[in-house]
Amino acid sequence: MHHDDEPVFKRGTWGTNRYYYNPRNPVGLALIIITLLFVGTMLILMATRTGPFAPPPAPEPWNPPAYEHTWPPLPTAGTPGDGPP
């Protein structure tokens, strides 16, 4: 039976300062269920390596551009000595 006057968090036993969700409070029970669903989903995503746990894509192999230069360089128009005397 749920009691609305129960606290959401209860102090742990054995003199520790830890708190836990109180399943007798509807909000505490909802927090327990949400936590279990979240942790279960994260474990499944980690096991299947999907979502944020997916490995990065493989890098594409390096493909340099084609070599289009000649040596010695070809003369271009406008070089000294090419004009009329």
Side-chain angles (χ1 to χ4, degrees):
M1 180 174 186
H2 296 289
H3 302 286
D4 290 335
D5 57 344
E6 286 277 338
V8 176
F9 300 101
K10 290 194 94 171
R11 185 181 294 267
T13 56
W14 300 95
T16 62
N17 281 333
R18 296 184 182 188
Y19 286 85
Y20 64 93
Y21 297 137
N22 184 5
R24 293 179 188 237
N25 184 301
V27 175
L29 183 61
L31 288 173
I32 291 171
I33 293 171
I34 290 169
T35 301
L36 289 175
L37 289 174
F38 178 77
V39 170
T41 303
M42 288 296 122
L43 288 174
I44 290 171
L45 289 175
M46 283 194 289
T48 59
R49 294 180 61 92
T50 55
F53 305 104
E60 302 215 5
W62 185 61
N63 190 7
Y67 187 72
E68 299 177 358
H69 303 288
T70 60
W71 189 258
L74 298 174
T76 58
T79 56
D82 285 345

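One-based numbering along the sequence shown. Just so it is clear, the structure is predicted and the values come from calculations on it, not from any experiment.
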Do you know which two heavy atoms are closest between [X] and [Y], and how far apart they sit?
X	Y	answer
N25	V27	OD1-N, 2.8 Å
L45	P52	CD1-CD, 4.3 Å
L29	P23	CB-O, 3.9 Å
T50	T48	OG1-OG1, 3.0 Å

In terms of hydrophobic clusters joined by side-chain contacts under 4.5 Å, are I34 and L43 together?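 No, separate clusters.
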Same apolar cluster: V8 and L36, side chain cutoff 4.5 Å: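 Yes, one cluster joins them.
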Rounded distance [0.5 Å steps], OG1 in T41 versus CE in M46: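 Those atoms lie 11.0 Å apart.
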Got a second to check how far L31's CG is from Y20's OH, nearest 0.5 Å?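 Taking CG in L31 and OH in Y20, the distance rounds to 14.0 Å.
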Do Y21 and F9 have side-chain heavy atoms sitting under 4.5 Å apart?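 The answer is yes, as the side chains (C-beta and beyond) meet within the 4.5 Å cut-off.
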Does N22 reach the main-chain N or O of K10 with its side chain, forming a donor-acceptor pair under 3.5 Å?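 Checking the backbone N and O of K10 against the side chain of N22, no donor-acceptor pair under 3.5 Å is found.
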